Structures are given as structure tokens and as C-alpha cells.
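Working notes, structure below.
Given the structure is predicted, the values throughout are model-derived calculations rather than measurements.
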Amino acid sequence: MILRSRTVALGAISLAVLTACSSPEAVQPVQLKPLVLKEQVSNTVKTSSGYAVNWAGVLTNGNPWHFGEHVVATVIGRDAKGTEVVRMDQPLDAVPPGGTLPFAGQALATGRPAKVTIEYRPATWRPAARIASAFRTFPVSGVQTMRQKDGSYLITGYVANPYTRPASSLVVNALLRDASGKLIGGGHAFVDDVEAGSPPRFILTVEGLPNGARAARTEVVARTWGSTGKPYDDLALGGARPVHTVAPRTEPFEIDRGRAALPGEAVKQ
């Protein structure tokens, strides 16, 4: 009788555990935050072949453990009558965990757009192979911004690779801001086979700015190229290059001054 009571009690406990594990609260997946469009701008200029629509923006990823992948921006321009004069799908690069993604693009319109809108396809999410701090930024140096006679800007500089493995392809995005900090335009360029210790030079042009627009500040960001975060994952898994790579030139101390002497050990003064 006692054995049967214990068996019934154990069965009830097991049923309760299984019920708790199968409840919606127990198996509910982690709710990921959608990508947020921090800012964007678009400009239209007359060219010899029609109208050029230029745009730039910044997307942010508030999820520290996931890549936002397969993001597509759809740019739509309509004239004063509401007729669509330009439509372009722009695949964007993967947005790193807890990071941002600047982007820029250009398309030709059959007529002058009176309104340009940018829509975004929701990202697909993939867990990152490392923590967010393992994804180092690609250092950019020697940036020069030169205004041209036609109102465009020529931007040059160097991009370095902080990882031990070479980066097969990087995209460099430049955003221009006016004196008040407002985003006025952007452009991008690509650099290939970036090895650690050999920063290549990049050259890009930002066109299609409004008449009289003046750039007071340039922001340049380099990222791995591609709609997935795998290239970034591979670099992070390979490890970062040590910051200090120059061997010390001084002679070593005879006695390690930071080590405590053992009992009975003679210490030189």
C-alpha cells in the first residue's frame, strides 16, 4: 500500500514537471528587437540622362547576440501626380550584433520625383558565433574630404584589418553632415584582400547633394561585405591581432622585482 502511494506521488510530480516544461512560458523564444532606422536622407538632381536619386541612412541593431541578415531597402520615387518614376531594391550588408549599418545608394529616375520613400524588408536573425565585443571595428585613418567644383565630394583614406585573418572584401561607407550635424548624403566603395598590417587606400565620391549643401563633418565606417554575417564571424573566430607587436628592447632584470621571494631564498639587492 505504501509502495503504491509512492508510485502515484512520483507519477504526479513527473506529470507536473512535464506540464511546466510544455507550457508556453517555458518554451517561448527570445523576442528579438526589429532593426531601427536611426536616420535617412534622399536627394534628387538633374543629370544629362535624367534625374539621379541619391540616398543614405543608418540602421541600428539592438540585439547584442544576433546578426540581422538579408535586409533589403526598397527605394520608391513618385512624381507630383503619384506616378512611380523609380523603384529599386538595394540588398544591404548584415547588421552586426549591437551595432549600426550606414548605407548609401543611387538610382536613375524616368521623371523628377516629388517624393522619395525608403521601405525595409524585415531582417532574418542568426545567432553570432562570438560575443559582441569580439567583433572589432575596422580602423579608418587618414581621411580627407575634398569638395569638387561640381559640388560633389571626393573622400579618401585608409582602412585597416584588426584581425589575424585577411578580410576578403570590405565595404567603406561615408556619411556627410552639415554644421548642425544633419545627414546630407553618403557614398560607398569596396576594398579587397585587406591583410593585417597592410591598410589599403579607398577612394569614393559623394554626389547628388542639394545646391549649396556644405559638408562640415565626414563619418567613415568599414564593414564586411555581404548579406550574411558569416565573413564577420570567420574573422572574429580567427582572433584579433595583438595590439602590441613590438618586442621590448631593454635588457631583462636579473631578478623579477614583482615576485615575492620564497622562504630561504637569497634575494639580491
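Contact record, Pro200 with Val191: CG-CB, 4.3 Å, taken as the closest heavy-atom pair. The two residues Met88 and Trp55 make their nearest non-hydrogen contact at SD-CH2, 3.7 Å. Across all non-hydrogen atoms, the minimal contact from His188 to Leu204 is O-CB, 4.0 Å. Contact detail for Ser42 and Val116: the closest heavy-atom pair is OG-CB, 3.7 Å. Pairing each heavy atom of Ala134 with each of Ala236, the nearest pair is O-CB, 3.9 Å. Scanning all heavy atoms of the two residues, the minimum distance from Ala196 to Arg241 falls at CB-CD, 3.5 Å.
Distance alone, capped at 3.5 Å, is enough to place a donor-acceptor pair between the Gln90 side chain and the Ala104 backbone. Asn61 places a side-chain N or O within donor-acceptor distance of the main-chain N or O of Pro96, the cut-off being under 3.5 Å. The backbone N or O of Tyr163 lies less than 3.5 Å from a partner atom in the side chain of Asn161, making a donor-acceptor pair. A donor-acceptor pair under 3.5 Å is absent between the side-chain atoms of Glu195 and the main chain of Asp193, judged by distance alone. Remark: side-chain polar atoms of Asp178 are not paired, donor with acceptor, to backbone N or O of Ala215 under 3.5 angstrom. The main-chain N or O of Ala129 is found under 3.5 Å from a side-chain atom of Asp233 such that the two form a donor-acceptor pair.
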Yes or no on side-chain contact (heavy atoms from CB on, under 4.5 Å) for Lys38 and Thr100, after CA distance, side-chain angles and deciding distance?
CA-CA 9 Å; Lys38 186 178 179 180; Thr100 62; 5.6 Å; no
Could you give me the CA-CA distance, side-chain angles and deciding distance for Ile155 and Leu176, then say whether side-chain contact (heavy atoms from CB on, under 4.5 Å) is met?
CA-CA 10 Å; Ile155 302 171; Leu176 297 182; 3.8 Å; yes
For Leu235 and Phe138: C-alpha separation, side-chain torsions, deciding distance, then whether side-chain contact (heavy atoms from CB on, under 4.5 Å) applies.
CA-CA 11 Å; Leu235 291 173; Phe138 296 89; 3.8 Å; yes
Is there a side-chain contact (heavy atoms from CB on, under 4.5 Å) between Ile184 and Val41 once you walk through the steps?
CA-CA 6 Å; Ile184 60 175; Val41 66; 5.8 Å; no
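More than 12 heavy atoms of other shown residues, nucleotides or ligands fall within 6.0 angstrom of atom CG in Asp150. Counting heavy atoms of neighbouring residues, nucleotides and ligands inside a 6.0 Å radius, atom CZ of Arg121 does not exceed 12 of them. By the neighbour-count criterion of 12 heavy atoms within 6.0 Å, atom NZ of Lys46 is densely surrounded, having more than that number from other residues, nucleotides or ligands.
Between Glu119 and Ile76, some side-chain heavy-atom pair lies under the 4.5 Å cut-off. Within the 4.5 Å cutoff, no side-chain heavy atoms of Pro97 are placed close to those of His66. Taking the side chain as every heavy atom from C-beta outward, Met146 and Thr156 approach each other to under 4.5 Å. Within the 4.5 Å cutoff, no side-chain heavy atoms of Arg112 are placed close to those of Asp79. Looking at heavy atoms from C-beta onward, Leu209 lies in side-chain contact with Asn43 at the 4.5 angstrom threshold.
Here the rule is side chain to side chain contact (heavy atoms under 4.5 Å, CB included) with Phe202, and of Val171, Val220, Leu170, Val194 only Val220 fits it.
Atoms CH2 and CD1, on Trp65 and Ile131 in that order, are 6.0 Å from each other to the nearest 0.5 Å. The CG atom of Leu35 sits 7.0 Å away from the OG1 atom of Thr60 when rounded to the nearest 0.5 Å. Between the CD atom in Gln148 and the CG atom in Leu154 there is a gap of 5.0 Å [rounded to 0.5 Å]. Distance NZ/Lys230 to CD/Glu69: 11.0 Å, rounded to 0.5 Å. The CG atom of Leu37 sits 4.0 Å away from atom OH of Tyr120, with the distance rounded to the nearest 0.5 Å. Here the CZ-OG1 distance, from Arg78 to Thr117, works out to 6.0 Å after rounding to the nearest 0.5 Å.
By the criterion of side-chain heavy atoms lying less than 4.5 angstrom apart, applied directly or through intervening Ile, Leu, Val, Met, Phe, Trp or Tyr residues, Ile118 is grouped together with Val71 in one hydrophobic cluster. When the side chains of ILVMFWY residues are joined at heavy-atom separations under 4.5 Å, either directly or via intervening members, Val143 and Val159 end up in a single hydrophobic cluster. Val72 and Val58 fall into different hydrophobic clusters, where Ile, Leu, Val, Met, Phe, Trp and Tyr are joined by side-chain heavy atoms under 4.5 Å apart, directly or via other members. If you chain together hydrophobic residues whose side chains sit under 4.5 Å apart, Trp225 and Leu237 never meet in one group. Following chains of ILVMFWY side-chain contacts shorter than 4.5 Å, one can reach Val85 starting from Val53, so the two form part of one hydrophobic cluster.
In this pair, Phe67 and Tyr232 present their aromatic rings tilted. The plane angle is within the 30 to 60° band.
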